[in-house]
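This report concerns only the one structure given below.
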There are 2 protein chains.
Amino acid sequence: MIRKYDAVGAKVIELIEDLEPGAAIPPERELCARFEVSRMTVRRAIDELVREGHLDRQHGRGTFVSRPKIAQPLTMTSFSEDMRRRGYVPGSRTLSVRRRPAGAQLAWRLEISPSAKVFEATRLRLADEQPMAIETLNLPLEIVPDLTADDLVNASLYELLESRYGIVLGSGRQTIEPTVTDETESELLGVPLHTPAFLFERTSRQTDGAAVEFVRSVYRGDRYQLVADLHPSRSMTPRTKR
Amino acid sequence: MIRKYDAVGAKVIELIEDLEPGAAIPPERELCARFEVSRMTVRRAIDELVREGHLDRQHGRGTFVSRPKIAQPLTMTSFSEDMRRRGYVPGSRTLSVRRRPAGAQLAWRLEISPSAKVFEATRLRLADEQPMAIETLNLPLEIVPDLTADDLVNASLYELLESRYGIVLGSGRQTIEPTVTDETESELLGVPLHTPAFLFERTSRQTDGAAVEFVRSVYRGDRYQLVADLHPSRSMTPRTKR
DNA sequence: AAGTGGTCTAGACCACGGC
DNA sequence: CCGTGGTCTAGACCACTTT
């Protein structure tokens, strides 16, 4: 099923790409006419783009292309996209690539047999040429049988998963803990031993729920900070039982 | 302006509170009839409750009360609500309360004059009786002139702000950094010196944009972890220019 | 006053799950 | 098959901003 609001959303994204941040997009009623859909459908499409941070609505004024936000950390984006949004030029240096049996821990994370092989790659991630994070990727070899180190150099892994293997990521869960760098990490990141850092662990899944990747990243705490825009949650006020 | 979908949402929340997690709520069309609104309005209300994590939709089956989620950390909730969602009994011990001039840093955070007075309270936050975090609250004294230490003991600060001062929080921005505990923090939290920890800094604003509070919290990294459910963001794929 | 986004209606038909 | 949520329409009126 092709949802019209997805199609409209994609067309609006095209419009946005030719506009400067802060520029207004055409009024909703004009988009209705242009795309031959109802206003509800246009609004639904724009709603999503607003939630994703591409557009800002202003009641009575119009809808505008967002200026790049500092915030918006916890949507499922790639390192590169995250860095670009923060105003850095992303880079990457592959430290090691190997194929190995998953082992107990990783098997649990990827929901495969401990003896099943995984593709493992460790990369130093750069922002403006400076080390920002160390990232270790793990994917079941079964789903990416011919993935090589070279594949990681140029293309986005996620685009590659989609184009070569037909794998589309649908959801993920990420945990974040504070930690300090150990000797190896300190050296690679160029920071003193025991510098505060973030430890991210993420499992990404296909739309059907199958685990695709487990990523463990250590981010320098002196250069990387999470920023979240908060909105009040409905309070679900506990009341005295009747 | 009273928005109907807010009213409907509140009524659905009432329904939910009398149901067990996993139970189905009435079908959308029945809610339309019961509340005398259109289906769009009911859906809009339910949409928000789903986003907030109270309900789960299942196409073709129904809409169900969510089982408590571990995740969903970065919505604007109070410490107590956050702890309850994580399955702990929240507690609090007030360490100090004072009124003092804001000073340069805090003045900048709260957007007031450096000489303006602020209400400052430092609390040890407990989960199941064990220390979890140290939290320092700052509010401009001008907007909470008669706030006392006792006020913090029983009621939720946010409920108090609303009921006594008519202040409703509308938005906020929180930054999160990794850090390690210093001597004082280690002692209060009962952890070794230089234990990894989260540093949260939050500025909350009224719906009109005026800053209401600046909160600085240090959370034990050995007991507290952030969990986020991720959803793919539209990729905004960079294309070759035409 | 004109133009924008925000809310709402009363329908329609489709897709999915279970009987 | 039926009942559920998912999408979509063609309008209406309201609230806000700008002229």
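Numbers restart at 1 for each chain; the letters A, B, ... are given by sequence-line order, proteins then strands.
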- Side-chain donor-acceptor contact under 3.5 Å, A:S113 with A:S115: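 Side-chain D/A pair, A:S113 to A:S115: present.
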Of the candidate nucleotides [options], which contains the atom at the shortest distance from the side chain of [X]?
{"X": "B:E28", "options": "C:dG6, D:dT7, D:dG5", "value": "D:dG5"}
{"X": "A:R61", "options": "D:dT17, D:dG5, D:dC8", "value": "D:dT17"}
{"X": "B:R57", "options": "C:dA10, C:dG6, D:dG6", "value": "D:dG6"}
{"X": "A:H59", "options": "C:dC8, D:dT9, C:dG6", "value": "C:dG6"}

- For B:Y224, is the NZ or CZ atom of B:R86 found under 6.0 angstrom from the centre of its six-membered ring and inside 45 degrees of the ring axis?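 Yes; both conditions hold, so B:R86 lies above the ring face of B:Y224.
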- Item | Cation-pi, B:Y88 ring and B:R223 (6.0 angstrom, 45 degrees) |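 Checked: cation-pi criterion met.
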- Mark yes when over 12 heavy atoms from residues, nucleotides or ligands other than A:Q58 sit less than 6.0 Å from its CD; otherwise mark no.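 Yes, because the 6.0 Å sphere around CD of A:Q58 holds more than 12 heavy atoms from other groups.
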Starting at [atom1] of [X] and ending at [atom2] of [N], how long is that distance when rounded to a whole Å?
{"X": "B:K4", "N": "D:dC14", "atom1": "NZ", "atom2": "P", "value": "12 Å"}
{"X": "B:M40", "N": "D:dC8", "atom1": "CE", "atom2": "P", "value": "12 Å"}
{"X": "A:F64", "N": "D:dT17", "atom1": "CZ", "atom2": "P", "value": "12 Å"}
{"X": "A:L31", "N": "C:dT4", "atom1": "CG", "atom2": "P", "value": "11 Å"}
{"X": "B:E36", "N": "C:dT9", "atom1": "CD", "atom2": "P", "value": "10 Å"}
{"X": "A:Q58", "N": "D:dA15", "atom1": "CD", "atom2": "P", "value": "20 Å"}
{"X": "A:D47", "N": "D:dC8", "atom1": "CG", "atom2": "C1'", "value": "15 Å"}
{"X": "B:R39", "N": "D:dT7", "atom1": "CZ", "atom2": "P", "value": "10 Å"}

Under 4.0 Å between a side-chain N or O of [X] and OP1 or OP2 of [N]?
{"X": "B:R3", "N": "C:dT7", "result": "yes"}
{"X": "B:T41", "N": "C:dT9", "result": "yes"}
{"X": "A:T63", "N": "C:dG5", "result": "yes"}
{"X": "A:R43", "N": "C:dG6", "result": "yes"}
{"X": "B:Y5", "N": "C:dC8", "result": "no"}

- On DNA chain D, check which nucleotide each of B:E30 and A:V42 is closest to and give me the residue with the more 5' one.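 Nearest-nucleotide comparison on DNA chain D picks B:E30.
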- Query: So does A:D47 pair up with A:R57, basic N to acidic O under 4.0 Å?
  - Reply: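 A:R57 and A:D47: salt-bridged.
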- Is there a donor and acceptor pair closer than 3.5 Å between the side chain of A:R44 and the base of D:dG6?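 Looking at the base of D:dG6, it does not pair with any donor or acceptor on the side chain of A:R44 (distance under 3.5 Å).
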- Query: What about A:R29: does its side chain form a donor-acceptor pair under 3.5 Å with the base of C:dG5?
  - Reply: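 Under the 3.5 Å cut-off, the side chain and the base do form a donor-acceptor pair.
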